[in-house]
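To keep things clear, I will list the structure first and then write my remarks on it.
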There are 2 protein chains.
Amino acid sequence: MPVKLKRKPKGTYHHPDLQVALVEAALQTIRKTGVDSLTLRDVGLRLGVSRTALYRHFKDKSALLARLALEGFRVFHQTLQSAVDQAHTNKKDPLEEMGMAYVNFAMANQSHYKTMFSDSICTWGDYPDLAVEADGAFAVLVNTIAAEQRAGRIIAEDPARLAQVIWAGVHGLATLGMAGHLGSHNDIIHLARHHCHTLFTGLRPTPRNTTRRAKSTS
Amino acid sequence: MPVKLKRKPKGTYHHPDLQVALVEAALQTIRKTGVDSLTLRDVGLRLGVSRTALYRHFKDKSALLARLALEGFRVFHQTLQSAVDQAHTNKKDPLEEMGMAYVNFAMANQSHYKTMFSDSICTWGDYPDLAVEADGAFAVLVNTIAAEQRAGRIIAEDPARLAQVIWAGVHGLATLGMAGHLGSHNDIIHLARHHCHTLFTGLRPTPRNTTRRAKSTS
DNA sequence: ACCTGAACACCGTTCAAGT
DNA sequence: ACCTGAACACCGTTCAAGT
């Protein structure tokens, strides 16, 4: 008389590919209850599998989180690129559209975005493919800046450096917005537009930009 | 009238003022090993006190963290204000100096800054005095913006809104910098200067700024 | 009123053992 | 090769009991 088993068809593995199933289950969990409440026991239970089965596919919990982050950067990459493309066909400012896409992605995928920048995996050096994927997303920003420079719409400085300047802005909007410090979702959207607009105004090539120093004039 | 209050036999297991001692010990711990590794057992052990003694003075661990955050906002407030004051006496741009002070504070007190914006206490509404203290620090930025507007050096828009725009930038620089994504400490400083400079250039009143406005909120 | 120590319900991780 | 179940060393928190 066997006790009632959960789900174990054919006496074989519950999932053909447990690795991707674990990632899928973890994604659902963090989307529903947040990253901080993600437990290995929970993802195991959700798949009808032991809570230690995960260790056959991932070194530890951090490795699982790094994998989630990697997947996040992949779709993030796509999202940013398609925003640039659409801006091009719609005759809109590519950088501004990308900035808005950035903030919108973070707000729509808060747990995933937090995972991508989580402290527990922030040393991207420990996860080489994660670093590669993150660099790929960052490259969209750098390339767009370079293109805008060629078109003469952005001041000619190191594109990677300008990319970091812009990145800081949208990342700040995203994190403060997620923390609820910038008001409603609608407030955040308008604020992001405002921030991007201000930043890109300051980056437009004009003699005044190059003459101004730290101390104020007038 | 010397000495008041004498109700505890000195030299026993009773601590003179355990409440502040707990805060002090917790601060040392997070500064040394980071917020995530802060355990109530550890702070108790450090004071030679039971690990549950804390519950006589704080509702739970979140309340302790909120208290740490509150203290953080207090000195943060002071830091920002004195940066503005020094800029005034030294004829420098107050907003830019404040922005630099912001990023420098975060980099020099990483664990404390992270605690101040920790997800576990991000709903400042649960801790009213924390919200008050945070608003106090934010007010320094708003007031400085208003002063700059009166001097005609900043575009005339809602100061609170402009403050959020600037806040997002420096917060993004701080968090990305702490995560190690912006290079060395020196790189971050220069990047922050760059970001602030760009932002404030975009905020200077000039007809050009109004030609490309984002749709206004109403 | 303040603090303790045991107890409880969690957690990530390891490991010998099963299939 | 893949997975299990017990075990281990941690957590935060509660509670009856001590002073």
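Only this structure's heavy atoms are used, side chains among them; waters, hydrogens and symmetry mates stay out. Each chain gets a letter, A, B and so on, in the order the sequences are listed, and its residues count up from 1.
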Original post:
So, is A:T39 close to the C:dC11 phosphate, meaning a side-chain N or O under 4.0 Å from OP1 or OP2?
Top reply: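 So the side-chain polar atoms of A:T39 do come within 4.0 Å of the phosphate oxygens OP1 or OP2 of C:dC11, strictly under.
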Original post:
Using the ring of each side chain (for Trp, its six-membered ring), is A:F117 parallel, tilted or perpendicular to A:F73, with breaks at 30° and 60°?
Top reply: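 The arrangement is perpendicular - the two ring planes meet at more than 60°.
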Original post:
Is the backbone N or O of B:V75 less than 3.5 Å from a side-chain atom of B:T79, with the two atoms forming a donor-acceptor pair by type?
Top reply: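 Confirmed, B:T79 side chain pairs with B:V75 backbone.
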**OP:** Give a yes-or-no answer on whether the side chains of B:R46 and B:Q28 include a donor-acceptor pair shorter than 3.5 Å.
**Re:**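 There is such a pair between these side chains.
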**OP:** Report yes or no: do A:Q164 and B:H181 form a side-chain donor-acceptor pair below 3.5 Å?
**Re:**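 There is no such pair between these side chains.
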Nucleotide [N], atom [atom2] - distance to [atom1] of [X] in whole Å:
X: A:Q19; N: D:dC3; atom1: CD; atom2: C1'; result: 15 Å
X: A:L18; N: C:dT19; atom1: CG; atom2: P; result: 20 Å
X: B:H57; N: D:dT13; atom1: NE2; atom2: C1'; result: 16 Å
X: A:K61; N: C:dC10; atom1: NZ; atom2: P; result: 15 Å
X: A:R41; N: C:dT13; atom1: CZ; atom2: P; result: 11 Å
X: A:L64; N: C:dG12; atom1: CG; atom2: C1'; result: 12 Å

Among the nucleotides [options], which one has an atom lying closest to any side-chain atom of [X]?
X: A:D60; options: C:dT13, C:dC3, D:dT13; value: C:dT13
X: A:T52; options: C:dG5, C:dC3, C:dT13; value: C:dT13
X: B:L40; options: D:dG12, D:dC3, C:dT4; value: D:dG12
X: B:R56; options: C:dG12, C:dT4, D:dG12; value: C:dT4

**OP:** Pick base, sugar-phosphate or nothing for A:L54, based on heavy-atom distances below 4.0 Å to the nucleic acid.
**Re:**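 Since no nucleic acid heavy atom lies under 4.0 Å of A:L54, the category is nothing.
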Original post:
Given that A:S62 and B:S50 both sit by DNA chain C, which one's nearest nucleotide is further toward the 5' end?
Top reply: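 Comparing both residues, the 5'-ward one is B:S50.
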**OP:** Tell which nucleotide pairs with D:dC11, taking only Watson-Crick or G-U wobble pairs whose two distances are both under 3.5 angstrom.
**Re:**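 D:dC11 is unpaired by these criteria.
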